[in-house]
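Worksheet: the structure to be examined is printed underneath.
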Amino acid sequence: MAIKRVMVIGAGQMGSGIAQVCARGGYDVVLNDVKQEFAEKGLASITKNIARSVDKGKMTEEEKEGVLSRLTLSTNLEDAKNVDIVIEAAVENMTIKKDIFSKLDSIAPEHTILATNTSSLPITEIAAVTKRPEKVIGMHFMNPVPVMKLVEIIRGLATADEVYQAVEDMSKSLSKVPVEVNDFPGFVSNRVLMPMINEAIYTLYEGVASKEAIDEVMKLGMNHPMGPLTLADFIGLDTCLYIMETLHEGFGDDKYRPCPLLRKYVKAGWLGKKTGRGFYEYS
Ligand code: CAA
């Protein structure tokens, strides 16, 4: 299964990062979003990132031009007709993902792999809306995509071995480290990470310590690069809440109940860095 042409759906933070590493890895990439301005914003962020790499001497001007020449923008899902793999990185909403996958299934050629970058939604359920569940797989990149080494590859119930292998090979060709996991709520990454973040929020909610103290304990005591509350702001508090709800519902276990303070912040529109305010304020 040779993968040469890639379509990335969603030009937000994750989608543009994925498009960047794929183009850097030598793949031809179509970056798709529902509006041209969203796709252009994604491309602007890629251009800024790789210009920084040139400034730091980590990439030549020629390599930069090569990366940009391999990227095209699209607002039409019909462009999936010409690709070997689609990596969907749209919003974390099952109804929207099912709609995208069912459309892609009717557009993309038979050999095309349909991957999703979902952070916690069941791959098997997404695959079930297609006639090719054996070619549907989770390809979960971490934020910031150009920096983080991990790709968590999630096998749905019906994912074929050769599809897994093709995605593993592709991840390695992007200089990432693939790790194989099975399809259960939150997979491994968010099943372990999110309850820790949620517990940090409970710790703040119960007045055990200030936000700065909680972050300092985890940074200096556990050697985490960011404290859990800073990390929650970085990921987005709406995403954190959504993942906790997926774990809570998926396992039916109250140990995953989202902290009321997290709900309150999301209701207030304090979603973290992207809105300028979460646990911290950002200018
Ligand atoms: N995009 C591209 N590159 C970035 C970047 C971004 N958003 N942010 C930082 N970088 C690059 C910098 O340019 C720098 O590159 P060089 O080494 O080439 O100079 C490098 O990363 C280090 O950056 P800084 O020196 O500015 O800052 P730092 O050392 O504090 O590192 C960090 C920043 C990599 C984000 C680090 O704080 C970190 O690892 N934080 C934790 C990130 C994490 O846990 N991510 C997972 C989130 S969970 C997730 O993604 C899954 C999910 O489903 C929710």
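Just so you know, ligand 1 is whichever comes first in the structure, and atom 1 is the first atom listed for that ligand.
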Does the protein put any heavy atom within less than 4.0 Å of atom 26 (O) of ligand 1?
-> no

protein heavy-atom neighbour closest to atom 49 (C) of ligand 1 works out as Met142 SD, 3.7 Å

Atom 7 (N) of ligand 1: the protein heavy-atom neighbour that sits closest, reported with distance to 0.1 Å = Pro144 CB, 3.5 Å

Hey, are Asn117 and Glu88 close enough side-chain-wise for a donor-acceptor pair under 3.5 Å?
-> no

Does Arg263 come within less than 4.0 Å of Glu245, counting only side-chain N to carboxylate O?
-> yes

Protein heavy atoms: any of them under 4.0 Å from atom 30 (O) of ligand 1?
-> no

Protein heavy atom under 4.0 angstrom of atom 4 (C) of ligand 1, is there one?
-> yes

Which protein heavy atom lies closest to atom 40 (N) of ligand 1, and at what distance to 0.1 Å?
-> Met226 SD, 3.6 Å

In terms of residue, atom name and distance, what is the protein heavy atom nearest to atom 36 (C) of ligand 1?
-> Pro225 CB, 4.0 Å

Atom 23 (O) of ligand 1 protein-contacted, heavy-atom criterion under 4.0 angstrom = no

Using the benzene-type ring in the case of Trp, are the ring centres of Phe184 and Phe251 under 6.0 Å apart?
-> no

Any ion pair linking Lys97 and Glu92 (charged N to carboxylate O, less than 4.0 Å)?
-> yes

Any Lys/Arg nitrogen of Glu110 or Arg132 sitting under 4.0 Å from an Asp/Glu carboxylate oxygen of the other?
-> no

Proximity of Asn190 to ligand 1 by residue part, where a heavy atom lies under 4.0 Å = side chain

From atom 20 (C) of ligand 1, is the closest protein heavy-atom distance below 4.0 Å?
-> no

Identify the closest protein heavy atom to atom 11 (C) of ligand 1: which residue and atom is it, and at what distance?
-> Val147 CG2, 3.5 Å

N-O pairing of Asp33 and Lys41 below 4.0 Å | no

Short list, please: which atoms of ligand 1 are under 4.0 Å from a heavy atom of Lys56?
-> 12 (C), 13 (O), 14 (C), 15 (O), 16 (P), 18 (O), 19 (O)

Nearest neighbour in protein (non-hydrogen) for atom 54 (C) of ligand 1 | Ile235 CG2, 3.6 Å

Only residue of Leu68, Val67, Thr72 satisfying side chain to side chain contact (heavy atoms under 4.5 Å, CB included) with Arg70 is Val67

Nearest protein heavy-atom contact for atom 17 (O) of ligand 1: which residue, which atom, what distance?
-> Lys58 NZ, 3.4 Å

Does the protein place any heavy atom closer than 4.0 Å to atom 52 (C) of ligand 1?
-> yes

What residue and heavy atom of the protein are closest to atom 2 (C) of ligand 1, and at what distance?
-> Asn49 OD1, 3.7 Å

Could you tell me whether Asn143 and ligand 1 have an N or O pair separated by under 3.5 Å?
-> yes

State whether the number of non-hydrogen atoms from other residues, nucleotides or ligands found under 6.0 Å of Leu261 atom CG is greater than 12.
-> yes

Mark the output for His140 as yes if a heavy-atom distance to ligand 1 is under 4.0 Å, and as no if none is.
-> yes

Under the 6.0 Å and 45° cation-pi test, does Lys211 pair with Tyr280?
-> yes

Indicate if Val151 and Ile154 have the same hydrophobic cluster label, given that clusters are the connected sets of ILVMFWY residues with side-chain heavy-atom separations under 4.5 angstrom.
-> no

Is the shortest distance from a Lys or Arg side-chain nitrogen in Asp84 or Arg5 to a carboxylate oxygen in the other one below 4.0 Å?
-> yes

If we number the atoms of ligand 1 from 1 as shown, the ones under 4.0 Å from a heavy atom of Leu193 are 48 (S)

State whether Arg155 and Asp161 are salt-bridged, where the test is any N-O pair (Lys NZ or Arg NE/NH1/NH2 against Asp/Glu carboxylate O) under 4.0 Å.
-> yes

